[in-house]
Novice: 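Structure provided below as structure tokens; questions to follow.
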Amino acid sequence: MNNIDKRLEVTIKDMVLRNPVMTASGTFGYGYDYEDFMNLESLGGIVVKATTGANREGNAYPRMAETSSGMLNAVGLQNKGVDYFCNTLYNKIKDINTNMIVNVSGSSIEEYVEVAEKINELKNIPGIELNISCPNVKQGGMAFGTDPKMAAEVVKAVRRAYNKTLIVKLSPNVTSIVEIAKAVEGEGADSLSLINTLFGMAVDAEKRQPLLSTVTGGLSGPAVKPVALRCVWQVAKQTKLPLIGIGGIMNATDAIEFILVGATAIEVGTANFINPAISQEIVYGISEYLDRHNIKNISDIRGII
Amino acid sequence: MRYCKDFIVVENETITSTLFILKLQYPETLPEIKAGQFVEILVEGNKDVFLRRPISIHDVDIERNQISLLVQIVGKGTDQLSNIKIGDTLNLIFPLGNGFTIVGKRVLLVGGGCGAAPLLYLARVLKQRQIKSDILIGCKDVNHLFSKKEYESLSNLHIATEDGSCGLKGLVTSHKIMEEDFDAIYCCGPTPMMKAISKHAKQKNIPCYVSLEHKMACGFGVCLCCVVETNIGNKRTCVTGPIFLSSDLKDF
């Protein structure tokens, strides 16, 4: 364990994070995939791969296309289902000493509730991140996150079934992200994480065909950071919930930018693919920033823009 | 155990206008590397080259702590990599993937074009384990033949070229070595070639191990982008593979 910098500690509802740095679902496996490269316990939290009610094979290959300063993916929530998670994967992650958060997804309200109920029983999972914003599944996913009524309905149902920290992950693919944020805040969400990937596509001009099997996919990486910052800034001004900023964070400076516009914590996503130790390096980088600017506590700069 | 560390470039040898071999020095003692494993190289300084590039390990010199990578220029990333200078550093995640399963007493290695890259180190490992091997390399012409001396020192080398400038004129599948008896075949190259060799192995009732090349974002099992359809569902090429028993693959 590295020396804990108490200035970095933040709270999201009942979860105490030793620092604001978390890792984003779908980019960090189940945590232990990164053990060779870094100390997992240096992180504030880890959001594991999306879990659905039943096994999902995901979309056909190709599922990924590199773009300028980013990438598109169309994985399609491949996972072995909530029972496999509870019976097998949970045992492999329950002793990792950080906030292990499960990303919960589904195609119907019933499926979201079923997964949330089962995860609620797991002692060492202090929170879930409700994924109402995946652009890569035919049913559900983003459909719930782009309509304020549907977003409210799913959060309401899950809130009844889940009594620990409930984070709702928002989609940027909406006219007004504030409207969605307010709708889920009204139904008892404890925190919002934003943004999920931007709905996009890529084309191979030589072959005259799309680069993804599904034609469209989700854009991530530094290319989306300005959109993500804007979303966090807007939502921070209009809601009271603690926010988790996500979108193109590649280094500590990027993380600080999200905190300045109102994020309590951040999630590192695509950057984990490029430098598997980056999340830990960002923790050190934030400490160094506080030293350099003589800041006593990370909360002193939160939302000052 | 996988590592994310810097290597120093000690050689950048041009084979053809689109093919080069990098020899990289590891500053520490190299961990165990299996034949058929690969590395993920960080190519810096170009916004269009965002992700690492997966490249198979061509050879390993365990005494000098050096590895060789055979790289084909296929896009901006590999093009930029081709300009790297001796003394430059390259950041690698390694060793990745499962590597070849070593079986039998006499085996055949079949490689096509630059896809043959991992077979050199495989031939070296087989020799160390005193397993007899024949290696059949298919390529465009004599200019595209690489590491010939090394292959000859480790295995019985057979060659097929499209223009007949070296060895048999024609495809690897029509080479007479294919008719001899082997305990297993190891094959790397273009997919149609691997499918043809896999069919041949099926007829002979012997296992055929193929090395797949799929687009990947991470290379170590987390992005789920490089999946291949197997008889038991989608599997990640980067961790379950890149080496698969061809009979386990749906398309083969």
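Heavy atoms only: backbone and side chains are in, while hydrogens, waters and symmetry mates are out. In what follows, chains are A, B, ... by sequence order, proteins preceding strands, each numbered from 1.
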Novice: For the backbone of B:Val227 and the side chain of A:Arg63, can you confirm whether one donor and one acceptor N or O come within less than 3.5 Å of each other?
Specialist: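 Absent.
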
Novice: Sub-3.5 Å donor-acceptor pair from the side chain of A:Glu57 to the main-chain atoms of B:Asn234, do we have one?
Specialist: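 Such a contact is found between A:Glu57 side chain and B:Asn234 backbone.
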
Novice: Should we say atom NZ of A:Lys225 is surrounded by more than 12 heavy atoms from elsewhere, each under 6.0 Å from it?
Specialist: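 Yes, because the 6.0 Å sphere around NZ of A:Lys225 holds more than 12 heavy atoms from other groups.
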
Novice: More than 12 heavy atoms of other residues, nucleotides or ligands under 6.0 Å from CD of B:Gln80: yes or no?
Specialist: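 Yes, the 6.0 Å shell around CD holds more than 12 heavy atoms from other groups.
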
Novice: Ignoring hydrogens, what is the shortest heavy-atom contact between B:Ala217 and A:Met64? Give both atom names and the distance.
Specialist: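 Between these two residues, the closest heavy atoms are N-CE, 3.7 Å.
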
Novice: Would you call the rings of A:Tyr61 and B:His214 parallel, tilted or perpendicular, where under 30° means parallel and over 60° means perpendicular?
Specialist: parallel

Novice: Give the member of B:Met1, B:Met216, B:Glu229 that has the highest number of heavy-atom pairs under 4.5 Å with chain A.
Specialist: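 Among the listed options, the one with the most contacts to chain A is B:Met1.
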
Novice: Would B:Val222 and A:Thr27 count as a side chain to side chain contact (heavy atoms under 4.5 Å, CB included) if you check the C-alpha gap in whole Å, the side-chain angles of each, and the deciding distance to 0.1 Å?
Specialist: CA-CA 6 Å; B:Val222 297; A:Thr27 68; 5.9 Å; no

Novice: Measuring from B:Glu44:CD to A:Ile274:CD1, what's the distance to the nearest 0.5 Å?
Specialist: 10.5 Å

Novice: For the atom pair CG (B:Asn91) and CG (A:Asn275), what is the distance rounded to the nearest 0.5 Å?
Specialist: 7.0 Å

Novice: Is it the side chain or the backbone of A:Thr67 that comes within 4.5 Å of chain B heavy atoms, both, or neither?
Specialist: backbone

Novice: Can you tell me which portion of A:Met250 sits under 4.5 Å from chain B's heavy atoms? Options are side chain, backbone, both or neither.
Specialist: side chain

Novice: Within the supplied structure, the quantity of interest is the number of heavy atoms (other residues, nucleotides, ligands) at a distance under 6.0 Å from B:Glu63 CD; does it exceed 12?
Specialist: no

Novice: Roughly how far, to the nearest 0.5 Å, is SG of B:Cys218 from CG of A:Asp33?
Specialist: 8.5 Å

Novice: Contact between B:Phe50 and A:Ser68 at the side-chain level, heavy atoms closer than 4.5 Å - yes or no?
Specialist: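 When only atoms from C-beta onward are counted, A:Ser68 and B:Phe50 do not touch, as no gap falls below 4.5 Å.
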
Novice: Using heavy-atom distances under 4.5 Å, tell me whether A:Asn55 contacts chain B through its side chain, its backbone, both, or neither.
Specialist: neither

Novice: Does B:Glu40 reach the side chain of A:Phe273, with side-chain heavy atoms less than 4.5 Å apart?
Specialist: no

Novice: Inspect the contact between A:Glu66 and B:Arg53 and indicate whether a charged nitrogen and a carboxylate oxygen are less than 4.0 angstrom apart.
Specialist: yes

Novice: Using a 4.5 Å cut-off on heavy atoms from C-beta on, say whether the side chain of B:Phe220 contacts that of A:Tyr34.
Specialist: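 Side chain of A:Tyr34 against side chain of B:Phe220, heavy atoms only: contact under 4.5 Å found.
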
Novice: Which of the residues A:Ser69, A:Ala277, A:Gly29 is involved in the greatest number of heavy-atom pairs with chain B at under 4.5 angstrom?
Specialist: A:Ser69

Novice: Do A:Val75 and B:Cys223 come close enough that some side-chain heavy atom pair is under 4.5 Å?
Specialist: no

Novice: Which region of A:Phe28, side chain (C-beta onward) or backbone (N, CA, C, O), has a non-hydrogen atom less than 4.5 Å from a non-hydrogen atom of chain B, or is it both or neither?
Specialist: backbone

Novice: Among A:Gly76, A:Pro222, A:Ala65, which has the most heavy-atom pairs under 4.5 Å with chain B?
Specialist: A:Pro222

Novice: In Å and rounded to the nearest 0.5 Å, what is the CG to CG distance from A:Asn59 to B:Leu224?
Specialist: 11.5 Å

Novice: Tell me whether the count of non-hydrogen atoms from other residues, nucleotides or ligands lying under 6.0 Å of CD in B:Glu32 goes above 12.
Specialist: no

